[in-house]
Amino acid sequence: MFNIGANVRFPITETTARVYYKVWEMGCFGGFLVGREAARVMLPRGRGSIFFTGATASLRGREGFAAFAGAKHGLRALAQSMARELGPKGIHVAQIIIDGAIDTEFIRETFPERYALKEREGIVDPEAIARATGNCTCSRAMPGPMKWIYGRGSNLGDALRVCDKTRG
């Protein structure tokens, strides 16, 4: 699973080329590097799953978030391309839309008040994601239109299980 936030807010006229490039580099190019290396390991096995996390910014831009939306849009296109190329070879690729915090050391240390409300606020637990995807019976992306998996907060495990219903 590739998960990076890189969610910075700048008005477009104040977004420097360096900021935009760094956000894209972390959020999109980093996903390419991770996805490529994961595919290299999985292809000889003929199976595997690669998950990229996105946000609503993957689907539409928002005022002040040009760099973040650009990176997440790019990551979405990368995931779609990889799914179509690797799906027939047994590798499942998906982008998961998560609008919220993921339980990481960064969140725990940077937002302790929010983290204290973890159960109520729906901070996503990566272990729960791993358990949910471990139960997924799909082994490749379906040909034809992409079936994207959406989830918010603590309901992500249920959202991931949709792959059992949408994959052959």
Side-chain angles (χ1 to χ4, degrees), residues 1-39 42 48-87 91-108 110-111 114-115 121-130 132-133 136 138 141-142 144-163 166-167:
M1 176 175 282
F2 177 78
N3 171 57
I4 185 144
N7 191 350
V8 297
R9 184 176 191 154
F10 288 101
I12 193 69
T13 57
E14 295 175 26
T15 303
T16 65
R18 185 171 191 268
V19 165
Y20 191 94
Y21 181 78
K22 284 298 178 185
V23 172
W24 170 83
E25 187 177 42
M26 289 185 300
C28 186
F29 184 63
F32 159 73
L33 294 173
V34 169
R36 180 188 68 188
E37 295 308 307
M42 294 175 186
S49 296
I50 302 170
F51 296 104
F52 299 98
T53 61
T56 302
S58 303
L59 306 172
R60 63 179 178 269
R62 182 175 169 207
E63 176 186 328
F65 292 96
F68 183 64
K72 291 300 183 178
H73 270 82
L75 186 63
R76 178 176 185 234
L78 170 70
Q80 289 173 333
S81 295
M82 288 178 64
R84 288 184 171 92
E85 179 179 341
L86 300 173
I91 311 299
H92 174 74
V93 179
Q95 184 199 38
I96 306 162
I97 305 296
I98 302 174
D99 282 328
I102 296 180
D103 188 353
T104 61
E105 185 177 334
F106 174 80
I107 295 296
R108 288 189 294 273
T110 309
F111 305 103
R114 175 135 189 239
Y115 187 76
E121 295 294 317
I123 293 177
V124 178
D125 178 1
E127 296 299 322
I129 294 171
T133 58
C136 183
C138 55
M142 270 183 106
M146 284 296 300
K147 301 225 185 244
W148 291 100
I149 302 168
Y150 295 89
R152 286 186 70 100
S154 58
N155 295 324
L156 183 60
D158 293 335
L160 286 170
R161 287 188 190 88
V162 76
C163 65
T166 61
R167 306 279 188 236

- Message: Are R62 and R9 packed together at the side-chain level, in the sense that at least one heavy-atom pair is separated by less than 4.5 angstrom?
- Response: yes

- Task: Answer whether the closest heavy-atom distance between the side chains of E37 and L33 falls below 4.5 Å.
- Result: no

- Could you pull out the closest heavy-atom pair between G74 and C28, with the gap in Å? C-SG, 3.5 Å

- Query: How far does CG of L86 sit from OG of S81, to the nearest 0.5 angstrom?
  - Reply: 10.0 Å

- Message: Treating K72 as the side-chain partner and T53 as the backbone partner, does any N or O pair qualify as donor plus acceptor under 3.5 Å?
- Response: yes

- Message: Checking A66 now: which residues fulfil side chain to side chain contact (heavy atoms under 4.5 Å, CB included) with it, not counting sequence neighbours?
- Response: I12

- With a 4.5 Å heavy-atom cut-off, do V93 and E85 have their side chains touching? no

- Check whether any side-chain heavy atom of I97 sits under 4.5 Å from a side-chain heavy atom of S58, and report yes or no. yes

- Task: Heavy atoms only: give me the nearest F52-L75 pair and the separation to one decimal.
- Result: CD2-CD1, 3.6 Å

- Query: What's the shortest heavy-atom distance between M82 and I50, and which atoms?
  - Reply: CE-CD1, 3.9 Å

- Closest contact, heavy atoms only, F2 versus G31: CZ-N, 3.2 Å

- Using the ring of each side chain (for Trp, its six-membered ring), is W24 parallel, tilted or perpendicular to Y21, with breaks at 30° and 60°? tilted

- Query: Among pairs that include at least one residue of residues 23-33, which meet salt bridge (Lys or Arg N to Asp or Glu O under 4.0 Å), considering only residues two or more places apart or in two chains?
  - Reply: K22-E25

- Message: Would you say CZ of F29 has more than 12 non-hydrogen atoms from neighbouring residues, nucleotides or ligands within 6.0 angstrom?
- Response: no

- Query: Looking only at heavy atoms, which two atoms of A69 and G61 are closest? And how far apart?
  - Reply: CB-CA, 3.8 Å

- Query: So does E63 have more than 12 non-hydrogen atoms from other groups sitting under 6.0 Å from CD?
  - Reply: no

